[in-house]
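The next block holds one structure in the form of structure tokens; read it before the comments.
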Amino acid sequence: MRAPGSDKGVAAGDVLLAVDNVSLNFGGVKAITDVSFDIRKGEIRAIIGPNGAGKTSMLNVINGFYHPQQGRITYRGETRQKMRPYVAASQGISRTFQNVALFKGMSTLDNIMAGRTLKMRGSFFWQLFRHGPAMREEIEHRKVVEEIIDFLEIQAIRKTPVGKLPYGLQKRVELGRALAMEPDLLLLDEPMAGMNLEEKEDMSRFIIDVNNQYGTTIALIEHDIGVVMDLSDRIVVLEYGRKIADGTPDQVKSDQTVIDAYLGVPH
Amino acid sequence: MNLLYALFVDPWVQMGQAPDLLVQTLWEGLVSGVLYALIALGFVLIFKASGVFNFAQGIMVVFAALTLVGFYEMGVPAFLALALAVGVMFLLAVTVERVVLRPLVNQPDIILFMATFGITYVLIGLGELIFGGNPKRMITEQLYLPKGAVEFKILGGFVSLQKIDIAAAIIAAIMIAVLAFFFQKTRIGRALRAVADSHKAALSVGISLNQIWAIVWFTAGIVALVTGIMWGARSEVSFALQVIALKALPVLILGGFTSVPGAIVGGLIIGIGEKLGEFYWGPLVGGGIESWLAYFIALAFLLFRPQGLFGEKIIERI
């Protein structure tokens with residue numbers, strides 16, 4: 001994978017992605033209302049909130065699955081209104097999904113290799129004959145993929161069709177596929193949902209390692225507040241599609257609106 | 001007792017007594033098997049990449065062949081007509097992606113399936129409008145496809161092979177090998193399989209669905225063109241040819257909807273089974289079993305291997 005800090009133009013600590021006054025609705029349902037926040041290069045940024053707060057919608061807006069009706073997204077200094085998912089991918093935004101979206105019939109190896117799609121540029125002709133430059137390219141990418149497999153400690157399931165794997169491992173393979181894209185910004189949608197304590201600890205370790213070793217900026221959604229407080233540098237709190245708090249874990253923890261949102265207000 | 005004898009013993013005795021006839025029957029089965037495999041291949045390609053059973057595959061075969069012959073009849077040289085037909089299939093693929101698939105993205109499979117009915121009728125109308133509804137002769141000589149038969153003297157008798165059949169078998173074999181390889185080993189092949197599995201995930205790793213769909217439909221178009229040439233050479237190019245698409249169904253059930261090698265093995269089993277059945281067991285019921293035997297074989301298969309011989313096992317976790 002890429003050495004840390006070798007990025008195009010954005011230094012650590014600068015704003016990598018800014019969301020300005022974004023609103024998104026589906027017909028009459030307001031999923032996101034006028035939300036602004038930013039993600040700085042190199043940080044772990046968490047988005048939390050009760051169910052239905054618009055967290056996943058926010059991620060979908062960032063990587064181009066949804067197009068907001070209002071507002072702007074600025075990524076690496078470039079402002080855009082509309083984004084196609086594969087363009088987002090080619091600009092270094094990769095992600096995982098809440099309900100694991102893997103290529104179930106393909107092996108772990110092929111799944112992670114699929115993450116290299118955009119990095120492979122060999123001519124189709126050579127690939128067909130599995131020779132010359134295409135072969136070299138395949139080997140080169142395979143090397144990166146093996147590195148990721150080692151990193152995530154999933155050597156043993158290299159050839160297993162991912163549909164057969166337990167949920168916790170599927171989540172790990174999905175992270176592997178996202179990492180294979182060598183992202184500048186990694187979006188994780190509930191990376192620890194449905195995991196037991198041990199798996200959660202493993203996953204937390206991987207997230208921290210990715211952030212430390214490769215300097216990858218991470219935005220994650222997570223329900224386990226303990227995990228979020230430990231992992232993240234800064235937290236955005238959404239409720240009913242609006243931003244109600246934004247700050248360091250300590251600031252957010254002591255914020256009265258956040259406490260109300262999570263624990264309820266006496267009437 | 002007589003019936004049992006006729007059913008289980010007599011056919012084998014006949015095969016043993018006239019081995020040259022057996023070889024001839026097997027060869028004919030093989031050839032029609034290869035041609036069935038070609039049609040099935042068109043279905044498999046599109047099913048793999050979009051999970052859609054493309055009802056229009058049969059008419060695409062006719063339309064491709066019709067375009068080729070139509071251009072030739074307009075005075076275009078044969079090989080230029082071939083290139084033009086390829087071009088038309090490319091345009092068709094791009095148009096289908098743009099006009100049909102893109103607006104229907106994320107819809108249930110059944111909606112897309114219905115949309116392929118629509119494509120079928122558009123193609124029928126378009127074909128008749130441009131090239132007329134009359135049956136045409138395939139331009140085999142102009143494309144330098146061999147004609148006539150070769151005879152072999154083996155096993156105390158004669159076996160005669162049509163040269164066009166030999167050519168068809170070779171071309172189909174090459175094409176299937178290339179496609180199987182393409183799916184397993186190349187970047188685009190991997191992307192195709194990825195799209196087949198999950199649109200959402202494919203998008204997130206930077207695969208453009210639009211591009212993949214256009215590629216798949218174009219490939220299916222090329223397969224349709226080759227199929228059209230081969231079938232057209234055996235009979236004629238007419239809209240009646242589209243019913244051969246129905247022959248692909250048992251092949252697909254047998255081989256699995258998602259497997260390129262499955263399409264060829266399924267095609268061969270159906271083709272050979274059909275011919276042997278017709279020749280040795282047909283007389284028992286007064287002949288004519290060729291038209292339904294394929295479905296019978298497929299049905300028997302369905303009981304034991306619903307995913308087909310090579311189909312991907314469907315893994316669902318709850």
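Order of the sequence lines fixes the chain letters, A, B, ..., with proteins taken first and strands second; residue numbering starts at 1 for each chain.
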(request) Would you please indicate yes or no on a ring centroid separation below 6.0 angstrom for A:Tyr214 and A:Phe151? (result) yes
(message) Taking A:Glu78 first and then A:Arg76, would you say they form a salt bridge - that is, a charged N and a carboxylate O separated by under 4.0 Å?
(response) no
(request) Go through the atoms of A:Leu102 and report whether side chain, backbone, both or neither lie under 4.5 Å from a heavy atom of chain B. (result) backbone
(message) I'd like to know which of A:Met113, A:Arg95, A:Glu174 tops the heavy-atom pair count under 4.5 Å against chain B.
(response) A:Met113
(message) So that I can tick it off, tell me whether A:Arg142 and A:Glu146 are bridged by a salt bridge, with the cut-off set at under 4.0 angstrom between side-chain N and carboxylate O.
(response) yes
(message) Under a 3.5 Å distance rule, please check whether A:Asn196 uses its side chain to pair with a backbone N or O of A:Glu199 as donor and acceptor.
(response) yes
(message) If we define contacts as heavy-atom pairs under 4.5 Å, which of A:Arg116, A:Arg84, A:Met106 has the most with chain B?
(response) A:Met106
